[in-house]
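Residue numbers begin at 1 in each chain, while the letters A, B, ... track the order of the sequences. As the structure is a computational prediction, the values presented were derived from the model and not from experiment.
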Amino acid sequence: MTNTEIAAVFDQIADLLEFKDSNPFRVRAYRNAARTIRDLPESMAEIAADPQRSLTEISGIGKDLAAKVATLIESGSLPMLEELLEEIPESVLAILRVPGLGPKRAAALYNELQISTLDALREACQAGRVRELKGFGAKTEAAILQGLEIASQAGQRMLWYEADQHAQLILAHLRRCPAIEQLEAAGSYRRGRETVGDLDFLAVAGDAAAVMDHFARYDGLAGVLLRGETKMSARLAAGAQVDLRVVPAESFGAALQYFTGSQAHNIELRRLAKDRGLKINEYGVFRGKKSIAGRTEEEVYGTLDLPCFPPELREARQEFEWAAAGELPRLVELGDVQGDLHVHSTWTDGLATIEEVAAAAKARGLKYVAITDHSKRVAMVGGLDAKRLRQQWAEIDQLNKRLRGIKVLKGIEVDILEQGGLDLEDDVLAEADWVVASVHYGQSQSQERITRRVVEALENPHVSAIAHPTGRMLMQRKPYEIDLEAVFRAAREHGKMLELNAHPIRLDLDDVACAAAKHHGVPIVIGTDAHRIEGLEMMRLGVQQARRGGLSREDVGNTRPWGQLKKVIGKHG
DNA sequence: GCCGTTTTCGGCCCGACTGTTTTCAGTCG
């Protein structure tokens with residue numbers, strides 16, 4: 001059983017316990033465990049199988065939860081969950097997802113009106129039966145109906161890239177408000193999460209009402225959800241919720257820290273503050289009633305002798321341990337990246353010529369760019385056979401003679417064939433500067449077969465890296481099944497790298513996988529998989545995910561000059 | 001259910017906003 005699956009079980013138990021009105025701290029223990037396990041850079045099954053180790057070494061996993069994890073790994077199921085599900089139908093959990101409905105109200109609906117499905121809930125609201133319940137009223141009933149609408153429509157998280165487009169427009173609008181003195185985007189958007197649920201903005205202004213009035217005039221708003229003295233929430237026509245908070249300047253740092261989160265990071269931070277007799281809230285750090293910090297984030301963290309964590313690390317994973325040990329990594333930065341190792345050209349399905357790609361890469365400050373078009377198996381886009389590939393490389397050789405300040409690498413994205421083996425002969429691959437191997441076909445094969453195909457590719461001396469190693473080719477589609485631990489082991493054994501593919505809808509190596517690669521000692525390289533020159537911009541996304549995985553410059557292969565990288569992958573010619 | 005340089009029991013982050021209340025519970029982030 002994978003970490004993700006174990007985490008899903010614990011999350012479901014937390015939902016069910018919450019619904020049953022169990023001890024909220026017990027619920028939190030399950031949720032914390034779920035989050036910790038989901039984010040863990042190594043497999044729980046491997047830790048459990050290691051006689052030298054114990055699952056209880058993981059913070060938040062005690063004797064009880066360790067036993068439950070062991071049961072899940074051995075049997076694939078958990079008696080406790082089965083019992084809970086006999087008691088409570090699974091469909092009631094959907095009710096908890098309706099905005100405005102939490103465990104208390106959902107339980108009241110279930111116990112008093114026997115409502116266990118969203119359809120039944122809608123009918124009961126329309127019939128006016130919900131308003132009869134104690135603690136409910138006509139407004140609550142209407143809010144539930146609206147919440148049902150939202151839940152059924154979108155309610156989904158946006159890709160960071162989409163969130164960025166909305167955020168930039170909203171920031172531009174807010175900057176035109178004369179009352180605003182300081183302005184920042186916060187939340188998971190600022191932390192660079194792969195997907196973003198809602199957008200958070202923070203402003204400093206003397207006149208909060210003026211800021212809210214200005215925000216309410218933003219074109220893209222569908223409506224205002226709530227508005228108070230300091231806080232306002234609205235919904236974009238595009239569906240996403242936007243929260244705006246207005247604070248005084250002396251609280252800006254504390255508020256920015258608070259609204260950037262994550263929630264788990266904040267809980268840990270406040271716990272540490274409590275240990276020192278301090279209290280942290282969004283207005284500042286307090287000793288008794290006296291504020292001792294709040295203007296900047298550095299000040300706030302400084303009161304606890306902590307560094308101002310890069311937002312990407314604020315997930316309550318390892319950042320506090322790192323800081324305590326003085327081992328906070330110096331995270332990789334966009335400016336560290338020297339080359340893009342995955343770009344397509346007009347030779348297959350790209351829209352830019354090799355020369356255009358080279359010019360665009362140089363303009364972005366890169367020193368090298370690998371042209372990695374598809375091999376012949378990808379016939380749909382005119383994948384290259386040995387003959388055409390050598391023609392392309394001849395063109396690249398000619399181009400390199402003329403170009404200054406940028407080197408074009410002779411690369412190929414070679415297909416890992418369904419039956420195993422690669423789509424081009426070794427003698428051709430041997431002539432390439434950079435060979436990235438990908439699974440495009442036979443994605444529905446068993447985990448064993450796909451893993452074997454990828455591990456075989458890693459054993460090929462001419463392969464430099466594997467792209468799409470997790471099978472998350474498209475977020476909308478189910479990833480293929482692969483034993484990532486086996487891939488890490490093979491990559492390390494053969495000195496290969498894994499590619500973080502930074503296409504906006506194909507972040508195929510997420511932050512947890514980046515951290516896992518680092519944990520297993522496997523370097524990452526970042527490629528954009530650009531099909532047009534604008535696609536090179538996506539390197540930013542890749543770097544962001546790598547930072548979230550805690551990767552430093554040394555952990556990312558293409559922060560090295562090409563001459564050095566070439567030696568690492570064993571290309572000496 | 002977890003955790004421990006005061007603790008193996010008694011804590012567990014903190015505040016804004018709304019609706020249904022007559023002082024506060026529920027939800028959210």
Show me the protein contacts with nucleotides 27-29 of chain B, counting only N or O atoms at under 3.5 Å.
unit_1	atom_1	unit_2	atom_2	d
dT27(B)	OP1	Gly102(A)	N	2.7
dT27(B)	OP1	Gly102(A)	O	3.1
dT27(B)	OP1	Arg105(A)	N	2.9
dT27(B)	OP2	Lys104(A)	N	3.2
dT27(B)	O5'	Gly102(A)	N	3.3
dC28(B)	OP1	Gly100(A)	N	2.7
dG29(B)	N2	Tyr258(A)	OH	2.4
dG29(B)	N3	Tyr258(A)	OH	3.0

Original post:
Do Arg157(A) and Thr195(A) have side-chain atoms, one donor and one acceptor, less than 3.5 Å apart?
Top reply: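 Yes, because at least one side-chain N or O of Arg157(A) sits under 3.5 Å from a partner of the opposite role on Thr195(A).
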Once you round it to whole Å, what is the distance between [atom2] of [N] and [atom1] of [X]?
{"X": "Leu278(A)", "N": "dC14(B)", "atom1": "CG", "atom2": "C1'", "answer": "15 Å"}
{"X": "Asn266(A)", "N": "dC12(B)", "atom1": "CG", "atom2": "P", "answer": "17 Å"}
{"X": "Lys134(A)", "N": "dT21(B)", "atom1": "NZ", "atom2": "P", "answer": "7 Å"}
{"X": "Leu109(A)", "N": "dG26(B)", "atom1": "CG", "atom2": "P", "answer": "13 Å"}
{"X": "Ile144(A)", "N": "dT18(B)", "atom1": "CD1", "atom2": "C1'", "answer": "13 Å"}
{"X": "Arg271(A)", "N": "dC2(B)", "atom1": "CZ", "atom2": "C1'", "answer": "11 Å"}
{"X": "Lys139(A)", "N": "dC17(B)", "atom1": "NZ", "atom2": "C1'", "answer": "13 Å"}

**OP:** Indicate, with yes or no, if the rings of Phe215(A) and Phe201(A) have centres closer together than 6.0 Å.
**Re:** no
Original post:
Does CG belonging to Asp219(A) count more than 12 external heavy atoms closer than 6.0 Å?
Top reply: no
Original post:
Which part of the nucleic acid does Glu229(A) contact within heavy-atom distance under 4.0 Å: base, sugar-phosphate only, or nothing?
Top reply: sugar-phosphate
Original post:
Which part of the nucleic acid does Arg227(A) contact within heavy-atom distance under 4.0 Å: base, sugar-phosphate only, or nothing?
Top reply: sugar-phosphate
Enumerate the protein-to-nucleotides 3-7 of chain B contacts in which both atoms are nitrogen or oxygen and the separation is below 3.5 Å.
unit_1	atom_1	unit_2	atom_2	d
dC3(B)	OP1	Gly60(A)	N	2.7

**OP:** Quick one: closest heavy-atom pair of Gly192(A) and Gln545(A), and the distance?
**Re:**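 Distance-wise, the nearest heavy atoms are O-NE2, 3.1 Å.
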**OP:** Side chain of Arg28(A) only, please: which of dC14(B), dG1(B), dC13(B) is the nearest?
**Re:** dC13(B)
Subject >> Pairs flagged by salt bridge (Lys or Arg N to Asp or Glu O under 4.0 Å) wherever residues 74-91 of chain A is involved - sequence neighbours left out >> reply: Lys20(A)-Glu87(A)
